[in-house]
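First listed ligand is number 1; within each ligand, the first listed atom is number 1. Atom set for the values below is all heavy atoms of this structure, side chains included, hydrogens, waters and symmetry mates excluded.
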Amino acid sequence: MATISIAQVDPRVASFIGKPRKMLINGNWVEAVSGKTFPTYDPSTGEVLATVAEGDRADIDLAVKAARKAFAFGPWRKMSPSERGRLIWKLGDLIDEHVEEFAYLESLDNGKPLTIARAADVPLAAELFRYMAGWATKLEGNTIPLSVPYTPKAKYLSYTLREPIGVVGQIIPWNFPLLMAAWKLGPALATGCTIVLKPAEQTPLSALRLGELIMEAGFPEGVVNIVPGYGETAGAALAAHMDVDKVAFTGSTEVGKLIVQAATGNLKKVSLELGGKSPNIVYKDADLDLAIPGAASAIFFNHGQCCCAGSRLYVEKPIFDKVVEGIAENARKIQVGAGLDPNTQMGPLVSEEQLKRVCGYLDSGLSQGAKALAGGRKRGEKGYFVEPTVLVDATEDMKVVQEEIFGPVVVAMPFTDPEELVPRANDNIYGLAAGVWTNDIGKAHRTAELINAGTVWINCYNIFDAALPFGGYKQSGWGREMGHEVLNNYTQTKAVCARVA
Ligand code: ADP
């Protein structure tokens, strides 16, 4: 695999990562209180890519104080909703003006193909801010007619106000670093909250660059604070902080449970977008020209590092061999390489830890009797590459069928009829997403209704839009991201009741 020097391709990015990056607190770029830094790695080589200030409890504390001050006393709360909306819109436009730069940062730090970051991650992030900008002026309450039995002659004017929840802690993962920052920041800004954002330690760079654009857009100091650092230190301190009113987390279900426990101190509100093991169902009447590449992309997009990846593939028996061989063929053809290489279709996994985790699952599946129709192994000596893998001959009790692998590994299993299929598809602790492929419109919608998941895609997969809510049933989470539903995560309702006669 060819090594590409970033200095050759984008000097702005080279200069950004060439200097140790600081954290954003109260509008200033500062070192960690401890003076410590941590490295972020290029997953295609395993070499250090950049050095970043390592936030910890003390930095989180300073950031929360700045956010509290900005919420209680700053100009932010006094701004009109329209002014707030315009700032958020401007941030979206600034992202668009820096698409190339963000695409390079994302590709280098996370490993994803530059072409994907440029076409998906960055424009979706810009669009999210523009969508949320519109909501700033539309956070309406209700007027509510009362019928109070013990004051029959009285008249009341009652209404609700939707108020920002306050200081928000946001902890995000490494699979879509910029986009996850946008999903979190957009609605918190639209509702008038102030924020302490902790990016994932594997991929802090794009959030830090975004912080520069946030200041350039003109957000008042302290409204957005960005503290990079590790989960067990900076993340845990943020989740437990007694002056944080709400914590929003995206990541593993395991850590989600720790967040819930950490939040009990001051009973801060919690929203969670967690893991998944999504069933992707192909009926025998599906259009296979759509379903085969669709099911391949459902698992292989972003190297399978998607919480909603279609990782349990259920195919109706008469077409099982054809579909699975088609997906295996697709897997074998995927160009695996460094994200910056223009021929790359799948980059490395994000970290050595993820590589070990995914390879551990491959070993487990193969040793329990599953067979790899394509892939099944680590690839190359350098970097964190793994082969796109299709497993067959698996049984429902295997770990590879039950647990989230978070890598490019699909387990394909046949089914005979919908009656048998639905309980199997629902037999999992997760309920994030599902796919259904069929030309029978009634069957498609009936299946969508029966599947316990927050999103069901019919004859498509991985379709995201800022207007479409996303989130999990069961252990896949609490609350929704995006759409107008996410605004509930960041507002609280005040009922006002006035006696008028
Ligand atoms: P993964 O296992 O895929 O790396 P995690 O759920 O561990 O995903 O990480 C998602 C985010 O949660 C990251 O920003 C990480 O730093 C943070 N995190 C990890 N552990 C904790 C913790 N104990 N408390 C708070 N945040 C954490």
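- Listed by first and then second residue, the side chain to side chain donor-acceptor pair (under 3.5 Å) pairs that reach into residues 347-358 come to none, sequence neighbours excluded.
- Legend: residues meeting side chain to side chain donor-acceptor pair (under 3.5 Å) with E163, ordered by chain and number and at least two apart, are K494.
- Ring to ring, W183 and F176 are not that close: their centroids are 6.0 angstrom or more apart.
- Within 4.0 Å of ligand 1, contacts by protein heavy atoms are made from I171, I172, W174, K198, P199, A200, E201, Q202, G231, G235, A236, F249, T250, G251, S252, V255, L258, I259.
- A salt bridge does not link D61 to R57: none of the charged nitrogens lies less than 4.0 Å from a carboxylate oxygen.
- Here the CG atom belonging to L185 is positioned 5.0 Å from the CD1 atom belonging to I214, to the nearest 0.5 angstrom.
- Applying the side chain to side chain donor-acceptor pair (under 3.5 Å) test to every pair with at least one member in residues 116-133, sequence neighbours left out, gives these pairs: D93-R130, D96-R130, E100-R118, K112-D121, E127-R130, Y131-W135.
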